[in-house]
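Throughout, numbering of the chain's residues begins at 1 and tracks the sequence. All values below were derived from every heavy atom in this structure, side-chain atoms included, with hydrogens, water molecules and symmetry-related copies excluded.
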Amino acid sequence: MDLKAQLKAAVEAAAAELGMPVDAAIQETPANKPGDYGTPAAFQMAKAAGGNPAQIAAQLAQTVKLPAGIRRVEAAGPFLNFFLDVGAFVRTVVDTPFTLPSQGGKVIIEHTSVNPNKELHVGHLRNVVLGDSMARIFRAAGHEVEVQNYIDDTGRQAAESIYAMEHYGRTWDGAQKYDHWLGEGYVKLNADPQKAELETEIREVMHKLEAGLLRPVVEQTVKAQLETCFRIGAHYDLLVWESDVVGSGFLDQAMNILEGSPFASRPAEGKFAGAFVMDVSQFMPGLEEPNVVLRRSDGTAMYVAKDIGYQFWKFGLFEGMKFAPFMQDPAGHTIWTSHPAGEPDTDRRFGHAAEVINVIDSRQKHPQMLVKSSLGVAGHQEREARSIHLSYEFVNLNGQTISGRKGITLAVDGALEEAARRGFAELSAKNPDLASRDDAPEIARRIGVGALRFAMLKNEPSRTFDFDLEKASSLNGDTAPYVQYAAVRAANILRRAQEAGHAVDGRGADWEALPDVDLILAKQVARLPEVVAQAVRAHSPHGVAQYALDLATSLNAWYNAKDRQGKPATNVLQSDEGLREARLALVARVRRAFEDTLDLIGIEIPSAM
């Protein structure tokens with residue numbers, strides 16, 4: 001139930017009736033102010049049409065038609081304050097599942113894109129979790145979502161790891177996870193004082209990669225990396241290989257589109273003579289040099305030109321790639337891959353997005369702006385506006401910059417195991433019976449996955465942070481285990497009630513008996529649709545993670561609330577009949593809110609904690 005949206009519509013209808021249209025903002029009133037929601041709409045109306053804001057607020061109060069769940073409205077000077085009908089509001093919250101209006105348009109989200117030469121470390125994890133959470137949120141918002149993972153199979157990193165196998169006579173015996181084993185060779189090569197002398201041989205490996213001769217080796221690495229991604233709950237639809245982007249002619253097709261733009265040219269003289277240049281001055285104002293070379297005078301392409309071709313294909317500006325099944329994920333979903341021996345996409349299954357979100361670190365901000373601007377240069381202003389770079393800053397490790405080349409890393413596989421172990425150990429110290437449960441390993445796994453995912457989401461993407469495994473897996477603080485514990489607390493209340501024979505679905509509830517302390521909790525539940533809609537607008541899942549913390553804090557505050565005599569105010573099972581059933585129905589709705597919220601960010605609730 002989005003009561004704030006209903007209030008907004010009601011205030012705007014009243015303002016229109018008064019001849020003073022307004023875009024009304026609805027806010028929760030501060031704790032020390034009267035009412036539950038309020039609006040400063042009268043200020044805006046007075047500014048636009050003239051008049052006294054307090055008098056306009058009084059007129060609005062007389063005119064506005066209150067939606068269900070609002071008991072009364074009063075003007076407080078220039079503000080309009082709304083007072084909830086506690087029983088009606090809580091009942092509506094309980095009866096209304098989390099839904100959002102279905103949205104049109106396909107969204108492509110590209111994330112992960114880890115060089116296929118080593119295992120994933122916690123720095124990569126931020127990319128994976130941001131992208132996977134965005135995919136979940138956009139699906140919940142009613143969008144069709146396609147998740148792509150870009151595989152750089154022609155780059156130097158892959159070449160160096162593969163070369164290290166032959167140079168050092170390394171043979172994989174299957175005892176170690178393949179990507180971990182491959183990464184050890186990469187670190188060894190980059191620590192080798194003789195590496196500079198090996199450049200010619202490394203380049204030979206790069207040429208073999210470009211020719212597709214070593215693709216099976218890269219595929220083995222990608223499958224090992226995906227195993228890690230599956231462990232943390234990530235899902236993919238399509239792997240796009242750099243060699244296929246090049247081989248499918250995306251670069252030439254994109255340059256052909258840009259050729260027809262008045263912002264693209266081939267200067268006959270000056271420093272850009274003979275090059276193919278894109279002028280982005282109208283799309284990226286303030287640049288010292290707005291002319292961007294896409295092809296040099298010798299015909300070779302700049303790296304950003306390849307990214308432009310890939311982005312144009314994502315938006316469906318041309319076809320040309322072939323596809324084949326690659327593997328199935330643990331849920332049985334087929335992951336597809338681009339492949340030169342595959343089949344054409346005659347059903348237009350892939351690409352053709354209305355919006356594209358590229359999850360790429362902040363070092364790529366300028367290239368991504370060029371990619372975005374190229375759509376404007378090509379005359380596709382709407383697509384330019386919906387070309388989104390979800391930029392994120394780095395994750396540090398114990399105060400150091402993570403470096404796979406130098407071996408300063410913490411592998412995601414190891415971090416998952418350690419987070420699960422630490423979190424479960426802390427939990428078992430409080431609840432020793434957990435260790436003997438048959439599902440103890442699954443409880444520990446959910447704690448570990450939740451700890452890592454939440455640590456990557458609780459900070460805004462624009463912030464650098466230092467990853468601390470001990471803090472991430474703690475039961476206290478802004479962590480997933482803290483939120484999971486609150487969700488399990490709600491489930492325990494419901495379990496004890498059902499064991500006692502009480503209804504938890506609202507049967508026999510006396511909604512009018514609910515006091516304001518229960519209203520505060522219900523208002524928190526009601527915020528979820530607004531939070532998700534904001535995450536979609538902001539293209540960031542951070543707000544959903546913060547909401548999960550807020551929901552857990554609200555439940556715990558409600559659970560521990562005291563009356564004026566210092567006695568428990570919300571002991572559900574000891575509440576009077578009718579009030580007890582209403583509270584149980586509210587707790588059941590809170591539990592569903594935890595499930596909905598945590599699913600949006602890929603975190604599962606343990607069966608016990």
Side-chain angles (χ1 to χ4, degrees), residues 1-94 96 100-101 511-512 514-538 543-544 546-547 549-551 553-554 557-558 561 564 569 586 593:
M1 178 186 71
D2 195 346
L3 187 58
K4 288 176 69 175
Q6 296 177 35
L7 281 172
K8 175 180 172 65
V11 171
E12 290 174 353
E17 187 175 335
L18 293 172
M20 293 178 280
V22 68
D23 180 9
I26 306 297
Q27 305 153 346
E28 289 196 37
T29 56
N32 60 342
K33 298 293 182 180
D36 296 290
Y37 297 105
T39 180
F43 273 120
Q44 300 166 260
M45 295 164 67
K47 184 176 180 180
N52 184 303
Q55 292 178 349
I56 293 174
Q59 289 179 284
L60 273 177
Q62 295 294 321
T63 308
V64 67
K65 295 178 175 60
L66 302 179
I70 300 296
R71 186 174 77 253
R72 63 187 175 89
V73 59
E74 66 178 32
F79 295 96
L80 208 61
N81 292 335
F82 300 94
F83 296 77
L84 289 169
D85 181 326
V86 176
F89 178 81
V90 176
R91 183 172 188 175
T92 302
V93 170
V94 166
T96 305
L100 289 171
W511 303 104
E512 300 306 315
L514 288 166
D516 283 351
V517 67
D518 300 88
L519 173 63
I520 294 170
L521 182 58
K523 284 171 68 177
Q524 190 67 262
V525 173
R527 287 184 55 225
L528 181 55
E530 178 186 355
V531 168
V532 176
Q534 174 58 27
V536 169
R537 289 193 296 270
V544 178
Q546 182 59 53
Y547 172 79
L549 281 174
D550 293 343
L551 186 62
T553 301
S554 294
W558 173 86
R564 292 181 178 178
L586 175 58

What's the shortest heavy-atom distance between Val517 and Trp558, and which atoms?
-> O-CD1, 3.5 Å

Taking all atoms of both residues into account, what is the closest heavy-atom pair of Val22 and Ala41, and its distance?
-> CG2-O, 4.1 Å

Note: Ala61 and Ala75 closest approach over all heavy atoms is CB-N, 4.3 Å

Find out whether Phe89 and Asp36 are in side-chain contact, i.e. whether some heavy atom of one side chain is under 4.5 Å from a heavy atom of the other.
-> no

Distance, nearest 0.5 Å, that separates CD of Gln44 from CD1 of Ile56 | 11.0 Å

Charged N to carboxylate O below 4.0 Å: is that the case for Lys8 and Asp23?
-> yes

Distance (rounded to the nearest 0.5 Å) between Ile520 CD1 and Leu84 CG | 11.0 Å

Mind checking the CD-CG spacing from Gln27 to Leu7? Nearest 0.5 Å is all I need.
-> 12.0 Å

Examine distances only and state if a side-chain atom of Ser554 and a backbone atom of Gln524 form a donor-acceptor pair shorter than 3.5 Å.
-> no

Compare every heavy atom of Thr39 with every heavy atom of Ala24, then report the nearest pair and how far apart it is.
-> CB-OG1, 4.2 Å

Nearest heavy-atom contact between Met45 and Leu60 is SD-CD1, 3.6 Å

dist Leu528:CG -> Thr96:OG1 (nearest 0.5 Å) comes out at 12.5 Å

Which distance, rounded to the nearest 0.5 Å, do you find between the CZ of Phe83 and the CZ of Arg72?
-> 4.0 Å

Specify the closest pair of heavy atoms between Val90 and Ala522, including all atoms of both residues, with the distance to one decimal.
-> CG2-CB, 3.8 Å

Test Asp85 against Glu512 for side chain to side chain contact (heavy atoms under 4.5 Å, CB included), laying out the working first.
-> CA-CA 9 Å; Asp85 181 326; Glu512 300 306 315; 4.1 Å; yes

Looking at CG of Leu3 and CD1 of Ile70, how far apart are the two atoms once the value is rounded to the nearest 0.5 Å?
-> 4.5 Å

Is there a side-chain contact between Asp518 and Val86 (heavy atoms, below 4.5 Å)?
-> no

